[in-house]
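First the structure, in the form of structure tokens, and then the observations on it.
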Amino acid sequence: MDIAAHPHTLTEDELRRLDAYWRAANYLTVGQIYLLGNPLLREPLTRDHVKPRLLGHWGTGPGLNLIYAHLDRVIVRRDLNAIYVTGPGHGGPAIVANTWLEGTYSDLYPSVSRDETGMARLFRQFSFPGGIPSHVAAEVPGSIHEGGELGYSLMHAYGAAFDNPDLLVACVIGDGEAETGPLAGSWLSNVFLNPARDGAVLPILHLNGYKIANPSVFDRLPEDDLIAMFRGFGYRPYVIAGSDPATVHQRFATTLDQVLDEIAAIQRRARSGADGTRPRWPMIVLRTPKGWTGPRVVDGEPVEGTFRSHQVPLSAVRKDPEHLAALERWLRSYRPEELFDATGAPVADVAGLPPTGDRRMSANPHANGGRLLRDLDLPDFRGYAVPVERPGEPASSPVKALGPWLRDVIGANPDRFRLFGPDEVVSNRLGATFEVTDRAFLGRTYPGDDHLSPDGRVMEVLSEHLCQGWLEGYLLTGRHGIFTSYEAFIHIVDSMVNQHAKWLKVSRGISWRQPIASLNYLLSSHVWQQDHNGFSHQDPGFIDHVVNKKAEVVRVYLPPDANTLLATMDHCLRSRHYINVVVAGKHPAPTWLSMDEADRHCRRGLGIWPWASTDTGAVPDVVLACAGDVPTLETLAAADLLRRHLPELKVRVVNIVDLMRLQPDSQHPHGLPDVQFDAIFTLDTPVIFAYHGYPTLIHRLTYRRHNHENFHVRGYQEEGTTTTPFDMVMLNDLDRYHLVLDVVDRVPGLTSRAAQLRQHMVDTREECRDHTRRHGEDDPRVVQWRWVRAEAETTP
Ligand SMILES: Cc1ncc(C[n+]2csc(CCOP(=O)(O)OP(=O)(O)O)c2C)c(N)n1
Ligand SMILES: [Mg+2]
């Protein structure tokens with residue numbers, strides 16, 4: 001569209017009011033960065049009015065404020081339901097300024113009132129000890145995106161728009177942010193957005209030309225190429241460029257009206273059933289100067305319109321009288337006396353621009369998702385149980401057994417639950433979900449494509465970043481979901497998990513933020529179960545990463561079989577405000593517990609398995625502990641060997657589902673009190689612990705426990721390749737024979753007494769290894785091993 005053909009969308013009065021609002025927001029942005037006192041410049045500015053430490057980011061602010069003001073105009077005119085995602089989240093003072101102008105800030109933080117006293121507090125608290133952080137963090141009303149770590153704005157925006165047909169998500173993307181891998185991948189999200197069912201995302205690329213110290217790459221691309229790139233991603237880009245405020249206001253207003261008309265038309269067409277194809281969504285490229293309206297030149301260097309405006313353009317205000325004078329000129333250039341009345345409140349023209357009530361972007365309930373959260377309608381997981389004939393029988397794939405339940409969760413919650421995964425839903429054995437839904441997809445389809453449709457509720461894209469970001473956006477706006485991934489590659493989102501965990505931790509302490517649904521990971525194709533893959537696909541360290549986070553936010557579950565997985569996932573989908581990591585295998589494996597037992601075991605989080613133990617009524621000689629499905633299998637096989645070969649040995653088998661039970665209750669809310677822990681693990685018995693992941697984690701978690709020095713942990717020690725399942729456990733000394741060796745070596749008195757058994761175990765391991773090398777598969781005595789009830793046992 002030729003914007004120049006519509007140069008005067010705004011009347012003189014509208015232009016004046018918009019510009020006044022923008023100036024007010026800019027003034028408040030600068031004030032927060034600099035001022036301790038004299039907020040309205042009622043007296044000449046002195047160094048004592050200025051903060052000793054000047055922290056914050058100015059450069060992005062004027063652009064963020066301009067976009068905010070213009071969105072406010074159209075929200076009012078069109079009664080839009082909109083939220084604002086701030087990619088350059090370092091522009092915290094700008095967004096806070098808008099929320100204060102809208103009145104939301106004072107509603108939620110009454111001491112920061114909309115008057116001179118409140119303004120002074122608003123300024124003082126910003127980036128000040130005991131105050132608020134510099135970014136658009138959880139403390140900022142209307143935010144679902146802190147933007148501290150750049151790259152995730154657009155994926156959060158799409159996640160928020162899914163299943164929110166009436167919502168407009170305006171997403172400002174920094175031109176530097178746009179260089180990040182996650183953001184670069186996010187443009188594809190429009191292939192998954194259904195205009196009939198979902199809301200709209202309006203990407204606004206904030207092309208202010210610079211980052212911290214460099215030009216942005218996008219700024220230096222020929223404009224034709226830039227446009228062609230976005231067209232290639234399926235957008236219709238509108239470029240607004242300029243540095244004269246009045247001209248840019250007019251262009252922005254005209255463009256915004258145009259793109260909103262287009263969005264409305266797209267939605268009308270799709271919702272009337274007239275058009276089911278992927279539309280070309282509009283987007284905006286806003287090319288305005290970085291640090292616009294700030295100091296042009298400081299100490300002889302150009303600042304406005306350059307990277308030098310990124311943080312604090314005048315950095316020596318308390319020392320250098322010239323800087324102080326320049327700051328005063330800068331602040332007065334906004335003419336605060338026209339913008340705020342005698343009490344310090346914004347004048348009617350300014351205060352009257354934004355919408356009111358929940359239409360304010362800072363008060364929109366979608367940005368405080370817990371307010372809108374509705375429980376899932378969960379089918380009773382007990383009805384999906386694998387019937388257990390005796391411990392270990394039948395074999396079933398835990399994840400496959402979960403499939404029908406998950407299918408029914410999807411079916412029962414068609415507006416608030418989605419499954420996210422990087423192309424692995426079928427490979428992770430969750431194919432049953434496709435009995436009721438498809439994969440969301442609006443790209444071209446061919447005959448033979450499998451379960452692709454615009455209405456699908458399974459979100460598959462080969463980007464762990466996108467899966468994570470979409471799900472976060474979906475959760476933060478009050479919905480539910482699961483992310484299923486290969487265990488090794490979930491590390492790709494380590495950093496995003498950090499950010500989400502921080503958000504959860506901080507928002508937990510903010511009274512007006514309601515808890516949201518937990519972020520649930522179902523990690524399958526785990527380290528011990530590789531078919532086509534090998535060493536590159538073996539890494540159980542995501543658990544280690546997650547446990548670094550605040551105890552009140554993270555939970556880790558290692559269900560040993562199908563029924564415990566069902567009970568665990570039910571628990572996770574009911575939980576709130578956590579990050580739940582569940583690791584479960586996809587291959588057929590013994591089902592140890594009936595559903596009743598599984599339910600009880602999961603409620604306890606850990607427990608002695610009496611049917612596998614031989615220490616009834618006695619102090620055990622050894623505790624065999626296990627966490628994870630494959631370690632549990634090896635542990636039970638080891639217990640079986642011990643029963644046969646050392647029948648007098650009192651063995652206690654303990655299984656751990658909820659890893660956090662291992663920590664003391666002083667460290668984690670799930671932690672087992674010391675007395676209970678001591679009762680199970682004893683004060684002085686050797687504990688041979690077979691663990692799914694890296695052994696050091698178990699030591700970390702049990703470090704403060706009385707019997708810690710007797711904990712001997714086996715787990716993944718970074719040995720692996722493409723080989724058989726039993727060879728994998730042997731490579732890492734986690735196999736049943738090695739566990740027996742550990743028992744012999746650790747239980748006092750056994751070394752000499754059980755020397756023959758020891759030798760037998762060493763030989764058997766070698767034979768098993770040789771078998772794999774000769775035949776390409778595991779030894780039949782390993783494959784065919786089954787748990788046999790003690791009564792039926794005959795010692796060989
Ligand atoms: C992932 C990540 N890498 C690096 C940084 C450090 N950083 C903060 S702001 C910034 C420049 C951002 O530039 P841009 O996105 O263009 O924002 P704006 O120009 O609007 O400030 C950088 C590199 C970061 N916050 N996140
Ligand atoms: Mg920039």
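Read the numbers this way: they start at 1 and go in the same order the structure lists the ligands and their atoms. Numbers here simply count residues along the sequence, with the first being 1. Predicted, not measured: the structure shown is a model, and the values here were computed from it.
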Check: Asp175 N/O within less than 3.5 Å of ligand 1 N/O: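 Yes.
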[atom]: which protein heavy atom is closest, and how many Å away?
atom: atom 26 (N) of ligand 1; answer: Leu150 N, 3.1 Å
atom: atom 25 (N) of ligand 1; answer: Gly148 O, 2.8 Å
atom: atom 14 (P) of ligand 1; answer: Gly176 N, 3.4 Å
atom: atom 15 (O) of ligand 1; answer: Glu177 N, 2.8 Å
atom: atom 21 (O) of ligand 1; answer: His90 NE2, 2.6 Å
atom: atom 18 (P) of ligand 1; answer: Lys290 NZ, 3.3 Å
atom: atom 7 (N) of ligand 1; answer: Ile212 CD1, 3.5 Å
atom: atom 20 (O) of ligand 1; answer: Thr60 OG1, 2.8 Å

Ligand 1 contact by Gly147, heavy-atom criterion under 4.0 angstrom: no
Asn208 heavy atom under 4.0 Å from ligand 1: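 Yes, Asn208 has a heavy atom closer than 4.0 Å to ligand 1.
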Looking at [Y] and [X], is any side-chain nitrogen of the basic one under 4.0 Å from a carboxylate oxygen of the acidic one?
X: Arg220; Y: Asp225; result: no
X: Arg418; Y: Asp198; result: yes
X: Lys502; Y: Glu146; result: no

What class does the angle between the rings of [X] and [Y] fall in, given that below 30° is parallel, 30 to 60° is tilted and above 60° is perpendicular?
X: His90; Y: His310; answer: tilted
X: Phe162; Y: Trp470; answer: perpendicular
X: His491; Y: His545; answer: perpendicular

Residues, nucleotides or ligands: over 12 heavy atoms within 6.0 Å of Arg78 CZ: yes
Angle at the Mg ion (ligand 2) (to 10°), with one arm to O of Tyr210 and the other to OD1 of Asn208: 100°
Just by modelled atom types, is the [Y] backbone N or O under 3.5 Å from a matching donor or acceptor in the [X] side chain?
X: Arg479; Y: Thr477; value: yes
X: Thr484; Y: Leu522; value: yes
X: Lys51; Y: Gln32; value: yes

Residue that, paired with Tyr68, satisfies ring-ring contact (aromatic ring centres under 6.0 Å, His included) out of Tyr84, Trp100, Trp22: Tyr84
Nearest protein heavy atom under 4.0 Å from atom 3 (N) of ligand 1, yes or no: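 No; the ligand atom in question lacks any protein heavy-atom contact below 4.0 Å.
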Under-4.0 Å heavy-atom contact between protein and atom 23 (C) of ligand 1: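 Protein heavy atom within 4.0 Å of atom 23 (C) of ligand 1: present.
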Side chain, backbone, both or neither: the part of His57 lying under 4.0 Å from ligand 1 by heavy atom: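 Neither part.
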Lys211 contact mode with ligand 1 (heavy-atom cut-off under 4.0 Å):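 Both of them.
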Considering only N, O or S atoms of Asp175, the one closest to the Mg ion (ligand 2): OD1
